[in-house]
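Everything quoted here is computed from the prediction, not taken from an experiment. Below, all heavy atoms of this structure are taken into account, side chains as well, without hydrogens, waters or symmetry copies.
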Amino acid sequence: MPEGTALSEGTSVKGGSGREEAELFRRIRIGDRVCFYGKCALPETASNPGQFDSRKYCLARRILLKMTGEKCCGISDSGTAGLRRMILGYRNLITDLRLGMQSGLLTVFDTEDAPQIAAFVLGDGSGLDDTLKQMFRDGGMSWLVCVSSLHISMLGMMIYRLLRSRGVPFALSGLPAGAAVISYALMTGFSVSSQRALVTFLIWMGAQVFGRTRDTLTSLSAASLVILVRQPYALWDSSYLMPCSCILSLEYLAPALERVFRPRGAVRKRICASVSLWAGSLPAVLWFYYQTTPYGSMLYPVLLPLMGILLLFGLAGSAAGFLYLTIGIKASGLAGRTIAWPCHILLKGFAAVCRLESALPGSVLILGRPAWWQMLLYYTVLAGFVIRIRTRKPGIREKELFPFRHITKAHLKTVSLLLLLAVMISLRRKPEFRYTCMDIGQGSCNLIEHKGFVILFDAGSSSVDEVWRYRIDSTLKYYGIGKVDLVLLSHGDIDHTNGIGQLLEGYRRNLAGQNAGDVTIGQILLPDLPQIDEHLSAIAESAAMKGIETGCVCEGASMTHGEMSLKILGPSAGRITGNANEDCIVMLLDLGDMRILFPGDLEKEGEELFVKAWKQNPVFTGGNENRDGNGYGDENENGYENGCGNGYGYGEGEGTGRRMILVAGHHGSKNATSEEWLDLVKPDLVLISCGKNNRYGHPAQAMLQRLENRHIPFRRTDLEGALQVISGHG
């Protein structure tokens, strides 16, 4: 099976096409014993702050290993009999139906709508365009692009209420509704949110049948028990915690707000529900996604009824297409295409709403991950507010504030409390300076933050697909960085630039001039060369089309921000070689008693020319003496302390000299960081950015030996993940 495949009772192909999945399922049925031969490995863990942790995600879904280079050695029937065999046969029938409905979609819906209906209705997002996924996510409508608890509950409610409206008894109405919900949950993957929705719906339906009252906490506790017994690691997963926060918000916070504001009419009640949904889930949203979409929450009550129509017509259309393929009745195909029109209009409407919303200022607020104490304080205060309102004596009506009719002190206090909580959960305690040498595989990305000013020196990888989305973007948002003020690209190799290229592909300005839904770029600087690299040229053209300022820098350029200064030491007009690596940007960061040198991919002739030009310059000839007097750092007394995670804190005022941190040139190549280079720079610490088990053999043993011979400590991203230097706390 392809990499990322989960082999359990229901074999599925992550990211595979519907055709591949159907072919696989024809060979392997649920309940079969399958023998595979291949290379197994643990799922990847997060190696950067804010990075998606694949291992935790897989553990929450009972997936322990991933296999590559796999070969199927044999398939045999499990030999089960009796009730279990009937259950497996039913699950196989459901899976056949899903695959048939996926195929039927193509005969009913056009090529643009079919992947969306497959994702919205059948839970198959493999054909959904990434741009469309991001558009719905940034619009706060990610619940549309995957089958969630909303779909399960909505389908069951529609069937049950339809039967009850026709006079069917409670029990006879509940049986087909329950069977449909169970089948639909199995058909769409039986996710954690689906399991929770299934249990809570069955409890609700049981209460209807037996004339009892359903308690939300009891239902949620029962669902949690069922989920956590099967999948205990789901306790920390967003698919479990996010729906719980939404349910509790609508069940407890919404009635409290209604009791304060006393809305008249359905519209005002929906506004209260929207505010409660956003306020109650805000900490959880920021914890998992680092950003919030305030407009999306406001649209939720409006789009919810339309989602029911889309679900109904989508299922009916795909079923009609399935009948047309299996039976060949032309009328079924015609009916399916007729049914597809409402879905087409709704899909266009959803997309238009997302585009309109993204154009508004503040449609996406990148706030970063809150601290645990902020989460605790937020929910404690919110729970106290709900308890106080629920225990208040009924019938109390506060005096309206003159001259504002229908506005009372209680209204102002409630609004003020919610705003205060939103501000509190948005505050971030950041260090005065933080440098992060990110782990992005075989590539380079250096994140520099100083008193709110953000710089990226290079951003690319040759070993990680979609490096901007899966590595760089998540780290920026984790720290609450919504704008990168300055991007410097040392040269045009893709392992230094393709992340910025990926960002520019989806760069869309809103009415405030910011990048809608993603990080905004202030300025991009490229090396000033007689002939610009084709990759850099493409980035410059794309940036110009997006309205981003670009420029070129060479030796002599400099800038300051507060106490931090940046000096460009290369390229120089007198040292142009025609080789991109040798003519890259070399930057020196100076802050207090700390210096960081970024040489890009400088090596060989470039290093020789650089050393010859700068060996007598005061930049390198003074101010870097250490305690032992030899010009080099000592591994145990180098002034760097272990920080949080994989970081290293920089102790201000330690030692008497200035400390030099060197980012190894060309990812630790054997031709870089030469003896002459080390004599010039005299680093106290060397950071090496390279990919795990990369095909270039970086870092080279010869380069590491040169460091060891001089007792220069070094750190590697391939072994330790992201490396950090932190100075001072705000």
Notebook entry, point to check: Can you name the nearest heavy-atom pair linking Ala254 to Ser276, along with the distance?
Noted result: CB-OG, 3.3 Å
Margin query: Looking at Met86, I'd like to know if its CE atom is crowded, meaning that more than 12 non-hydrogen atoms belonging to other residues, nucleotides or ligands lie closer than 6.0 Å.
Written below: no
Next item on the list: Verify whether one side chain among Gln208 and Arg164 offers a donor that lies under 3.5 Å from an acceptor in the other.
Entry: no
Notebook entry, point to check: Do you see a donor-acceptor pair shorter than 3.5 Å between the side chains of Ser191 and Ser194?
Noted result: yes
Checklist line | Intermediate values then yes/no, side-chain contact (heavy atoms from CB on, under 4.5 Å), Leu286 and Arg369 | finding: CA-CA 5 Å; Leu286 293 180; Arg369 171 175 282 187; over 6 Å; no
Note to self: So, applying side-chain contact (heavy atoms from CB on, under 4.5 Å) with Tyr184, which one of Val181, Leu186, Thr188 is it?
What the structure shows: Thr188
Note to self: Can a donor-acceptor pair be found, under 3.5 Å and without considering hydrogens, that links the side chain of Gln195 to the backbone of Val226?
What the structure shows: no
Next item on the list: Report yes or no: does Arg55 contribute a side-chain atom to a donor-acceptor pair with the main-chain N or O of Pro43 at less than 3.5 Å?
Entry: yes
Check: Could you state the interatomic distance from CG (Leu377) to CH2 (Trp372), rounded to the nearest 0.5 Å?
Finding: 10.5 Å
Note to self: Is there a side-chain contact between Phe385 and Leu417 in this structure, where contact means two heavy atoms from C-beta onward sitting under 4.5 Å apart?
What the structure shows: yes
Next item on the list: May I ask you to check whether Tyr290 and Ser474 show a side-chain donor-acceptor distance below 3.5 Å?
Entry: no
Notebook entry, point to check: Do the side chains of Gln231 and Val192 get nearer than 4.5 Å, heavy atoms only?
Noted result: yes
Check: Is there a donor-acceptor pair closer than 3.5 Å between any side-chain N or O of Glu251 and the backbone N or O of Thr216?
Finding: no
Notebook entry, point to check: Looking at CG of Leu105 and CG of Asp110, how far apart are the two atoms once the value is rounded to the nearest 0.5 Å?
Noted result: 11.0 Å
Check: What orientation do His411 and Phe261 show, parallel under 30°, tilted 30 to 60°, or perpendicular over 60°?
Finding: parallel
Item checked: Test item: Ser183 side-chain N/O and Ala180 main-chain N/O as donor-acceptor pair under 3.5 Å -> no
Notebook entry, point to check: Yes or no on ring pair (Phe, Tyr, Trp, His ring centres under 6.0 Å) for Tyr160 and Trp204, after CA distance, side-chain angles and deciding distance?
Noted result: CA-CA 11 Å; Tyr160 179 79; Trp204 175 84; 5.3 Å; yes
Notebook entry, point to check: If every non-hydrogen atom of Arg98 is compared with every non-hydrogen atom of Met187, which pair is closest and at what distance?
Noted result: CD-O, 2.6 Å
Notebook entry, point to check: Looking at OG of Ser281 and CZ of Phe288, how far apart are the two atoms once the value is rounded to the nearest 0.5 Å?
Noted result: 12.0 Å
Checklist line | Heavy-atom donor-acceptor pair, Tyr324 side chain to Ala319 backbone, under 3.5 Å | finding: no
Next item on the list: Would you kindly say whether Trp278 and Thr293 are connected by a side-chain donor-acceptor distance under 3.5 Å?
Entry: no
Margin query: How long is the straight-line distance from CD1 of Ile87 back to CD1 of Ile30, given to the nearest 0.5 Å?
Written below: 12.0 Å
Next item on the list: Report the C-alpha separation of Arg62 and Arg230 in whole Å, then their side-chain angles, then the decisive distance to 0.1 Å, and conclude whether the side-chain contact (heavy atoms from CB on, under 4.5 Å) test is met.
Entry: CA-CA 8 Å; Arg62 301 194 301 174; Arg230 297 183 70 249; 2.9 Å; yes
Item checked: Donor-acceptor under 3.5 Å (Thr107 side chain, Ser103 main chain) -> no
Next item on the list: Verify, without hydrogens or angle tests, whether Arg196 (side chain) and Ile227 (backbone) share a donor-acceptor contact under 3.5 angstrom.
Entry: no
Note to self: For a 4.5 angstrom cut-off between non-hydrogen side-chain atoms, does Arg29 reach Asp96?
What the structure shows: yes
Note to self: For Ala118, is there any backbone N or O sitting under 3.5 Å from a side-chain donor or acceptor partner on Gln102?
What the structure shows: no
Margin query: Nearest 0.5 angstrom please: Ser173 OG to Leu163 CG, how far?
Written below: 4.5 Å
Check: Is a donor on one side and an acceptor on the other found under 3.5 Å between the side chain of Asn92 and the backbone of Leu88?
Finding: yes
Notebook entry, point to check: CZ of Phe322 to CG of Leu99: how many Å apart, nearest 0.5 Å?
Noted result: 9.5 Å
Note to self: Within the structure provided, determine whether Phe109 and Pro115 are in side-chain contact (heavy-atom separation under 4.5 Å).
What the structure shows: no
Next item on the list: Verify side-chain contact (heavy atoms from CB on, under 4.5 Å) between Val108 and Ser318, making sure each step is shown before the conclusion.
Entry: CA-CA 7 Å; Val108 171; Ser318 56; over 6 Å; no
Notebook entry, point to check: So do Thr292 and Ile366 actually touch side chain to side chain, heavy atoms under 4.5 Å?
Noted result: no
Next item on the list: Assess whether salt bridge (charged side-chain N to carboxylate O under 4.0 Å, His left out) is satisfied between Arg61 and Asp237, documenting all intermediate values.
Entry: CA-CA 9 Å; Arg61 287 148 185 82; Asp237 193 71; 3.0 Å; yes
Notebook entry, point to check: Between Phe52 and Tyr57, is the ring centre distance below 6.0 Å?
Noted result: yes
Next item on the list: Determine, stepwise, if the pair Ile247 / Thr200 fulfils side-chain contact (heavy atoms from CB on, under 4.5 Å).
Entry: CA-CA 11 Å; Ile247 291 170; Thr200 54; 5.6 Å; no
Checklist line | Heavy atoms from other residues, nucleotides or ligands near OH of Tyr233 exceed 12 (cutoff 6.0 Å) | finding: no
